[in-house]
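Everything below concerns the one structure shown next.
Within every chain, numbering begins at 1; the chains are lettered A, B, ... in the order of the sequence lines, protein sequences first and strands thereafter.
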Protein chains: 2
Amino acid sequence: MSRASDQAYAKIRAHLLSGAVKAGEQLTEDQLAQITGVSRTPVREAVRRLEDELLLVRSESKRLFVADWSRNDIEEMFALRQMLECHAAERAAHRLTQAQVAELEAVNHALRAAIEQPVPDVARFLEANRRFHEAIIDAAHSPRLGQLLARLVEAPVVLRTARNYSLEDLRQSARDHDELIAAFAARDPEWARAVMGSHLRRAFHTFANTVGPATGDEEAEAA
Amino acid sequence: MSRASDQAYAKIRAHLLSGAVKAGEQLTEDQLAQITGVSRTPVREAVRRLEDELLLVRSESKRLFVADWSRNDIEEMFALRQMLECHAAERAAHRLTQAQVAELEAVNHALRAAIEQPVPDVARFLEANRRFHEAIIDAAHSPRLGQLLARLVEAPVVLRTARNYSLEDLRQSARDHDELIAAFAARDPEWARAVMGSHLRRAFHTFANTVGPATGDEEAEAA
DNA sequence: TGAACTGTTATTGTATACAAAACGCCTACG
DNA sequence: CGTAGGCGTTTTGTATACAATAACAGTTCA
């Protein structure tokens, strides 16, 4: 990838993640150019990507703001992700080679290693988790599916970094992964889909409970 | 929207649609700047959007080409669209107001008017069809769902313009829409989902049969 | 007081020039 | 012959200056 715009992308993303800016706050391309150390041209490129991922949004008049994900936004995102990723799991169950299944086992082993130590390494857990799901999506052999999921998956992980996963949550994820691997090894698409569904739905509740309660009317915002 | 980049987007799209360029052909930003009459900066913006819609693709080394949709690509796209749009229909069935249902009826009436004349007006049919599906997606009140679908739906419509829809195909679409409206009026999400599923699946076969037979191995390309 | 207008400032959009990278051809060398 | 390497050309990437547009504040007029 191109040098400056990727750098800008990574730095802006890190900047959002760092908590230095609040949701809803306005940003300008100039500010971001200063922060990233490149000119506005690659910044604009990076900003477009972040808009795609819904980390940044533009007002009607094209001014730039940090996205503010409501509980309902998160629910919606997880619902879509579940639909697409269950599909991916099903397709992957048809297609995964033994070598790829072994790779999944290795990744989940690394994931466990990140958990099972005096102080669980959440960053390493998240990275292994990302690789696990990515491998499944790749094995689904559906490039557009991968493209659609890419923009759904990253956003919430970045936005709410201060979540405290309990050790039990992390372990349950690893067990879910084990069962997914079993479904893949058995070449059972229905099983894989079902496990992926419950895995993501649980993840949603774990995640959402750290954000706040749902609003009474699911459509309050959309209207 | 911004003036020059939107203009560039529309012109490039029309240029691709016109058949003046073949699938797989290389384009350069300079060429497109000349064609559109604006500088490369807004052209690059437009190209990014067209890349998102998969009408244009870039080689590993960032050179620009007209996308070449294989039969398998089209299958994949329709499968995803079906998954998402069935979900949209289900949600819409929960949420559509009577006024919105009436609006759908009006749009489908216009769709029929475009068909039922000495020479069916396919362009008007496609436009009415687009509005019909768009209204359902809007009523689903899921902004991200709409965003994801937007980039799936347009591409194939543009790429293969020389299709010849039979009058019977067009009429069947109108009948499907009628049944969807009935499902919405009955507030029956399951019914709406099922009708949308068969509607899109039939559309897929109608569409795909004008492209060519499927390859023996679905994964031939992905690999 | 308040509502519309106008000049000022802040911000995004576009053009252009230049830098970097990739392709293709051609030559030199094994 | 075949292949590796170098050089001119093509193409994309980046910086910068300027243009257009939107927000803001201050002022005037009813």
With respect to B:His177, which candidate in B:Phe132, B:Phe184, B:Phe125 satisfies the ring-ring contact (aromatic ring centres under 6.0 Å, His included) definition?
->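 Between B:His177 and the candidates, ring-ring contact (aromatic ring centres under 6.0 Å, His included) is satisfied uniquely by B:Phe132.
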Length of the line joining [X]:[atom1] and [N]:[atom2], which is rounded to integer Å:
| X | N | atom1 | atom2 | answer |
| --- | --- | --- | --- | --- |
| B:Arg58 | D:dT10 | CZ | C1' | 14 Å |
| A:Arg48 | D:dG13 | CZ | P | 14 Å |
| A:Glu45 | D:dT12 | CD | P | 13 Å |

Helical bend (five base pairs per end, nearest 10°) for the helix from C:dT1-D:dA30 to C:dG30-D:dC1 =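 One end's axis against the other's: 20°.
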Do [Y] and [X] meet the salt-bridge criterion of a basic N to acidic O distance under 4.0 Å?
| X | Y | result |
| --- | --- | --- |
| A:Glu53 | A:Arg49 | no |
| B:Arg202 | B:Asp169 | no |
| B:Arg124 | B:Glu127 | no |

Salt bridge (Lys or Arg N to Asp or Glu O under 4.0 Å) with B:Arg131: which residues, sequence neighbours excluded?
-> none
Do A:Ser173 and A:Asp176 pass the side-chain hydrogen bond (donor to acceptor under 3.5 Å, both in side chains) test, and can you show the C-alpha distance, the side-chain angles, and the key distance before you say yes or no?
-> CA-CA 5 Å; A:Ser173 276; A:Asp176 285 347; 5.3 Å; no
Please find the earliest and latest nucleotides of DNA chain C, in the 5' to 3' direction, that have an atom within less than 4.0 Å of any heavy atom of chain B.
-> C:dG13 to C:dC23
Establish, yes or no, whether a centroid distance under 6.0 Å links the rings of B:His133 and B:His199.
->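 So the answer is yes for these two rings.
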Enumerate all atom pairs, one protein N or O and one N or O from nucleotides 21-25 of chain D, separated by less than 3.5 Å.
| from | atom 1 | to | atom 2 | distance (Å) |
| --- | --- | --- | --- | --- |
| D:dT21 | OP1 | B:Arg3 | NH1 | 3.4 |
| D:dA22 | O3' | A:Ser61 | OG | 3.3 |
| D:dA23 | OP1 | A:Ser61 | OG | 2.5 |

Stepwise side chain to side chain contact (heavy atoms under 4.5 Å, CB included) test for B:Met196 and B:Leu180 | CA-CA 7 Å; B:Met196 182 63 88; B:Leu180 266 172; 4.0 Å; yes
Quick one: list whatever passes ring pair (Phe, Tyr, Trp, His ring centres under 6.0 Å) with A:Phe204, sequence neighbours left out.
->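 Ring pair (Phe, Tyr, Trp, His ring centres under 6.0 Å) list for A:Phe204, sorted by chain: A:Phe78.
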Under a 4.5 Å cut-off applied to non-hydrogen side-chain atoms, are B:Ile35 and B:Val43 in contact?
->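 No, side chains not in contact.
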Indicate yes or no: at least one non-hydrogen side-chain atom of B:Arg58 is less than 4.5 angstrom from one of B:Val47.
->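 In short, these two side chains touch, coming nearer than 4.5 Å.
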Ignoring backbone atoms, establish whether B:Arg44 has a side-chain N or O less than 4.0 Å from OP1 or OP2 of D:dG13.
->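 Checking D:dG13 against B:Arg44, a side-chain N or O does come within under 4.0 Å of OP1 or OP2.
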Donor-acceptor pair, side chain of A:Arg95 and main chain of A:Arg91, under 3.5 angstrom = yes
Pairwise distance CG(B:Leu64) to CG(B:Leu32) - rounded to 0.5 angstrom = 6.5 Å
Contact residues, residues 23-35 of chain B to DNA chain C [heavy atom, < 4.0 Å] | none
